[in-house]
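Excluded from the calculations below are hydrogen atoms, water molecules and symmetry mates; all remaining heavy atoms, backbone and side chain alike, are included. Just so it is clear: chains get the letters A, B, ... in the order the sequence lines come, proteins before strands, and each one is counted from 1. These figures come from a predicted structure and were not determined experimentally.
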Amino acid sequence: MPFTLATWNINSVRLREGLVARLMADEGPDVLCLQECKSPVEKIPVETFRALGYTHMVARGQKGYNGVAIISKLPLEEVGARDFASLGHARHVAARLPNGVVIHNCYVPAGGDIPDREQNEKFGQKLDFLTEMRDHFFAEKPARSILVGDLNIAPREDDVWSHKQLLKIVSHTPIEVEHLAQAQDAGKWVDITRQDIPSGLLYSWWSYRAADWDAADKGRRLDHVWATPDIANAGHGSRILRPCRGWEQPSDHVPVFASFDI
DNA sequence: ATGGTCGCATCGCGA
C-alpha cells in the first residue's frame with residue numbers, strides 16, 4: 001500500500017481552513033499531519049476535510065495554543081498521545097495505518113529567545129521535551145514507524161541561511177542539535193528528507209518578520225520526516241513546498257512531503 | 001544592535 005504523507009505547521013487550522021483544503025485538493029497526500037492547530041479538537045473543521053476525502057482524524061487540541069492532528073484518507077487507529085516534559089500541552093499524537101505503520105506527529109516547544117535554561121524556562125522545557133522523547137524511544141524501540149512534525153530545530157549547517165549567524169539563535173544552537181540527535185539516535189530514526197535530498201540548502205520556515213521573505217530567503221529547516229530503518233528504504237520523493245509560503249495569509253511554515261512504497 | 005509580524009485565551013503572550 002504505497003502512500004504519501006505531508007507535515008505542516010499550519011499556525012491555526014481554523015484561520016487557514018481554506019489553505020489546508022487547497023493543499024488537499026492540489027496535492028492530495030494520503031495523510032496530512034498538522035501542528036499548531038490552535039484549536040480544541042471539536043472545533044477543527046473536519047467536514048471540509050471529509051468532503052475532500054479525508055474521512056479519518058486523530059488529534060489532540062487546546063484552546064489557542066499548540067495542537068496536533070493526523071488527517072487521513074486511510075483509516076487510522078489511535079495509538080495514543082504523550083505529554084513529554086509534562087507540560088500539559090497538546091504536542092504529540094500517534095496513529096496506526098491499516099498496513100501497520102505507526103505515525104508520530106510531534107510539535108517540539110519553540111524554546112523562547114534566550115538559549116539558556118537558567119534565564120529562560122522555556123528553553124529548558126524544550127531540552128527536557130527532547131530528553132523525554134529520547135528516553136521514550138529508547139525504552140520502546142519503534143518499528144515500522146514514521147515520525148514527523150515541527151521539531152523546531154534545524155540540525156545541519158545547510159538547514160539554515162547562515163550557520164555562523166545562527167549558532168546562538170534558538171533552533172540552531174549546538175545543545176539543541178545534540179538533544180535532537182540523541183532523540184533521533186534512540187529510535188534509530190532516519191531523516192527521510194535528507195536521505196532523498198542529501199545536500200544543499202533546505203528550508204521549511206521563514207519568519208513573518210522579514211520584509212520580503214522570498215528575496216531575503218533567511219529560512220530554516222524546522223519540519224522533519226523521519227522513519228525507522230526497517231521502512232526507511234521504502235521512503236522516496238521528498239519535497240518541500242516553498243510556494244505555499246507565498247499563498248495569501250500563509251503559515252510561516254510550508255508542507256514537507258514524503259512517499260513510502262510499503 | 002535593533003526591531004521586525006503574526007494569531008488568539010487579543011492590550012499580553014507565545015511563536
Side-chain angles (χ1 to χ4, degrees), chain A residues 7-23 33-45 48 59-69 83-92 105-117 119-130 148-155 159-162 164-173 175-176 179-180 203-224 242-256:
Chain A
T7 179
W8 194 10
N9 178 320
I10 193 61
N11 188 14
S12 175
V13 69
R14 284 186 279 167
L15 186 69
R16 285 185 245 286
E17 173 183 348
L19 298 192
V20 176
R22 180 173 170 186
L23 186 80
C33 297
L34 300 177
Q35 303 87 36
E36 268 205 279
C37 297
K38 294 186 171 177
S39 172
V41 173
E42 62 273 16
K43 290 193 173 180
I44 295 175
T48 296
R60 288 292 185 279
Q62 316 172 207
K63 208 194 294 183
Y65 296 101
N66 309 315
V68 285
D83 181 16
F84 297 121
S86 302
L87 301 172
H89 295 174
R91 292 183 177 275
H92 170 264
N105 183 14
C106 302
Y107 175 45
V108 173
D113 289 332
I114 303 170
D116 175 355
R117 70 190 309 156
Q119 296 179 59
N120 168 21
E121 180 185 39
K122 290 200 287 287
F123 191 73
Q125 291 173 349
K126 181 178 195 173
L127 299 180
D128 292 346
F129 189 100
L130 292 161
V148 305
D150 176 5
L151 305 185
N152 264 315
I153 295 173
D159 290 336
V160 294
W161 65 275
S162 169
K164 190 171 175 175
Q165 287 182 255
L166 289 175
L167 273 170
K168 293 181 179 175
I169 302 297
V170 173
S171 73
H172 192 62
T173 63
I175 191 168
E176 290 171 86
H179 277 66
L180 185 70
Y203 311 142
S204 65
W205 172 89
W206 294 261
S207 172
Y208 284 128
R209 297 177 191 177
D212 185 343
W213 72 273
D214 195 29
D217 201 19
K218 294 183 173 180
R220 307 177 199 170
R221 186 172 72 105
L222 304 180
D223 303 275
H224 299 266
R242 182 182 175 112
C244 299
R245 185 63 177 78
W247 287 0
E248 189 172 338
Q249 201 170 32
S251 170
D252 45 354
H253 296 251
V254 299
V256 180

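Listed by chain and number, the residues in a salt bridge (charged side-chain N to carboxylate O under 4.0 Å, His left out) with A/R221 are A/D159, A/D191 (sequence neighbours excluded). Partners of A/Q125 under the side-chain hydrogen bond (donor to acceptor under 3.5 Å, both in side chains) rule, at least two apart in sequence or in another chain, do not exist in this structure. For the side-chain hydrogen bond (donor to acceptor under 3.5 Å, both in side chains) test, no residue two or more places apart in sequence or in another chain qualifies with A/S12. Partners of A/H172 under the ring-ring contact (aromatic ring centres under 6.0 Å, His included) rule, at least two apart in sequence or in another chain, are A/H163. Residues that satisfy the salt bridge (charged side-chain N to carboxylate O under 4.0 Å, His left out) test with A/R22, not counting sequence neighbours, are A/D26.
Rounded to whole Å, the distance from NZ on A/K122 to C1' on B/dC13 is 8 Å. Distance CH2 (A/W247) to P (B/dC6): 18 Å, rounded to an integer number of Å. As a whole-Å value, the separation of A/N66 CG from B/dA15 P is 7 Å. Spacing between atom NE2 of A/H253 and atom P of B/dA15 amounts to 11 Å, rounded to whole angstrom units. Separating the CH2 atom of A/W213 from the C1' atom of B/dC6 is a distance of 16 Å, rounded to the nearest angstrom. Between A/D113 atom CG and B/dA15 atom P the separation is 10 Å, expressed in whole Å. The separation between A/Q165 atom CD and B/dA1 atom P is 12 Å, rounded to whole Å. Computed from coordinates, the A/N152 CG to B/dG14 C1' distance equals 11 Å when rounded to whole Å.
For the C1' atoms, the distance from B/dA15 to B/dA9 is 15 Å, rounded to whole Å. Distance noted for atom C1' between B/dT10 and B/dG14: 12 Å (whole Å). Distance check on atom C1': B/dC11 versus B/dC6 gives 15 Å, rounded to whole Å.
Within 4.0 Å (heavy atoms only), A/R91 reaches sugar-phosphate atoms of the nucleic acid but no base atom. At a threshold of 4.0 angstrom between heavy atoms, the contacts of A/Q249 are confined to the sugar-phosphate backbone, with no base atom among them.
Both the sub-6.0 Å distance and the 45° axial angle are satisfied by A/R91 relative to the ring of A/Y107.
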Please write out each protein N/O paired with an N/O of nucleotides 8-11 of chain B under 3.5 Å, distance rounded to 0.1 Å.
from, atom 1, to, atom 2, distance (Å)
B/dC8, OP1, A/S12, OG, 2.3

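Between A/K122 and A/D113 there is no salt bridge, since no side-chain N of the basic residue sits under 4.0 Å from a carboxylate O of the acidic one.
Mapping A/D150 and A/R16 onto DNA chain B via the closest heavy atom, the residue that lands nearer the 5' end is A/R16.
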